[in-house]
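Working notes, beginning with the structure itself.
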Amino acid sequence: MTAPAPLLALEEISTYYGDARVLNGLSLEIAAGETVCLLGRNGRGKTTTIKSILGLVPARAGRIRFAGADITRLPTHEIARRGIAWVPDNRRIFPTLTVERNLALGLNRALPRNGGEQAWTLKRVWERFPILERLRLRSGEHLSGGEAQLVAIARALLMHPRLVLLDEPSQGLAPRIVEDIMAVIQEIRDEGIAILLVEQNSTLALGIAHRVYVIDDGHIVHAGRAADLEADQELKHRLLAV
């Protein structure tokens, strides 16, 4: 039996900033409903991979396919419209808008529902994140880092994505808040929404992902089951130690 085509496929992509090549023939795949983590040391191309998928820094060579269609040269808004949501490492919520208005932006950009057992609505967000309902009239500039991260994740879910790109979701957060964030990511995973997780905390990432890719100098140097890499501490240290 022929295996189903991946939901997302990066095929030998190369991406540059000016004349500096950051991604060098990088390839990876994510199946529908799969959680994949992308690990690597700082400055090796993890965030650039996400920006290439989104068309923010378009790949100059290679091809990116999503749901069977070539999206390599599409503008960012069209890529998002096809069902890819992004939670950036700096959250990018609007500081002068309330929590409720920030979330409404996700609703305004929402696609027809794709995947997931239950549609994400504002009512469901309030139920799942009661802290956000309590803060719904607070402006973004007066939120803590963890609160802002929850807003960014909830806003992405309200778009009804098929794939969520999460860039360093635990960055700068207290351990207790990180536990809450990872529980939310686990819930997204369990709903069958595909996830690409970029995360410096490799133990957290490997504990939630199905598969892992490790990037170094702009190309993939390891691919396999997340549980296998977490179990092989010698290999993990060799691949990820600073």
Side-chain angles (χ1 to χ4, degrees), residues 3-11 13 23 26-42 44-54 64-67 83-89 114-117 149-150 152-154 156-157 161-173 175 177-216 218-242:
L7 177 64
L8 177 75
L10 279 61
E11 302 168 359
I13 69 166
L23 301 184
L26 182 143
S27 297
L28 63 79
E29 295 182 350
I30 302 174
E34 184 180 33
T35 296
V36 170
C37 61
L38 179 62
L39 304 179
R41 287 167 279 193
N42 287 331
R44 303 306 169 114
K46 300 187 300 297
T47 294
T48 301
T49 300
I50 285 181
K51 290 183 175 181
S52 296
I53 294 167
L54 292 165
I64 301 174
R65 299 181 66 83
F66 181 70
I84 300 179
W86 178 36
V87 181
D89 57 350
N114 278 307
E117 297 177 0
Q149 186 67 283
L150 287 176
I153 293 173
L157 291 172
R162 301 180 67 183
L163 170 66
V164 176
L165 309 177
L166 286 158
D167 194 358
E168 304 286 3
S170 75
Q171 181 173 274
L173 302 181
I177 303 301
V178 170
E179 289 181 9
D180 293 341
I181 296 296
M182 297 311 289
V184 172
I185 296 171
Q186 179 75 53
E187 185 171 335
I188 299 170
R189 189 192 88 151
D190 292 347
E191 283 202 19
I193 299 171
I195 298 171
L196 177 59
L197 172 62
V198 168
E199 176 56 62
Q200 277 297 313
N201 188 323
S202 60
T203 298
L204 282 179
L206 293 169
I208 203 167
H210 299 104
R211 290 191 303 113
V212 57
Y213 290 96
V214 179
I215 186 173
D216 192 24
H219 64 277
I220 299 300
V221 296
H222 175 84
R225 293 177 66 246
D228 291 344
L229 182 57
E230 181 61 22
D232 191 337
Q233 290 297 304
E234 181 179 349
L235 177 61
K236 179 182 171 183
H237 180 78
R238 179 156 37 92
L239 291 170
L240 301 174
V242 177

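Just so we're clear, the structure is a prediction, and the values are computed from it rather than from any experiment.
Atoms CG and CD1, on Leu54 and Ile84 in that order, are 6.5 Å from each other to the nearest 0.5 Å. Between the CG atom in Leu206 and the CG atom in Leu240 there is a gap of 7.5 Å [rounded to 0.5 Å]. Rounding to the nearest 0.5 Å places CD1 of Ile188 at 4.5 Å from CG of Leu157.
Between Leu166 and the choices Ile181, Val198, Val87, Asp89, the side chain to side chain contact (heavy atoms under 4.5 Å, CB included) rule is met once, by Val87. Test Ile195, Ile50, Leu197 against Leu165 for side chain to side chain contact (heavy atoms under 4.5 Å, CB included) and you get one pass: Ile50.
Using a distance-only test at 3.5 Å, with no hydrogens or angles considered, no donor-acceptor pair links the side chain of Glu199 to the main chain of Cys37. The main-chain N or O of Ile215 is never found under 3.5 Å from a side-chain atom of Lys46 such that the two would form a donor-acceptor pair. Side chain of Gln149 to backbone of Pro169: a donor-acceptor contact under 3.5 angstrom is found. The backbone N or O of Gln200 sits less than 3.5 Å from a side-chain atom of Glu168, completing a donor-acceptor pair. A donor-acceptor distance shorter than 3.5 angstrom exists from the side chain of Tyr213 to the backbone of Glu29, with no hydrogens or angles considered. Looking at Arg41, its side chain does come within 3.5 Å of a backbone N or O of Ala241 through a donor-acceptor pair.
Asn201 approaches Leu204 most closely through the heavy-atom pair OD1-N, 3.1 Å. Pro161 and Ile193 get closest at one heavy-atom pair: O-CG2, 3.8 Å. Between Val212 and Ala226, the closest heavy-atom pair is CG1-CA, 3.9 Å. The minimum heavy-atom distance linking Arg225 with Asp228 is given by the pair NH1-OD1, 2.6 Å. When all heavy atoms of Ile53 and Leu196 are compared, the pair lying nearest together is CD1-CD2, 3.8 Å.
Within a 6.0 Å radius of CD in Glu234, no more than 12 heavy atoms belonging to other residues, nucleotides or ligands are found.
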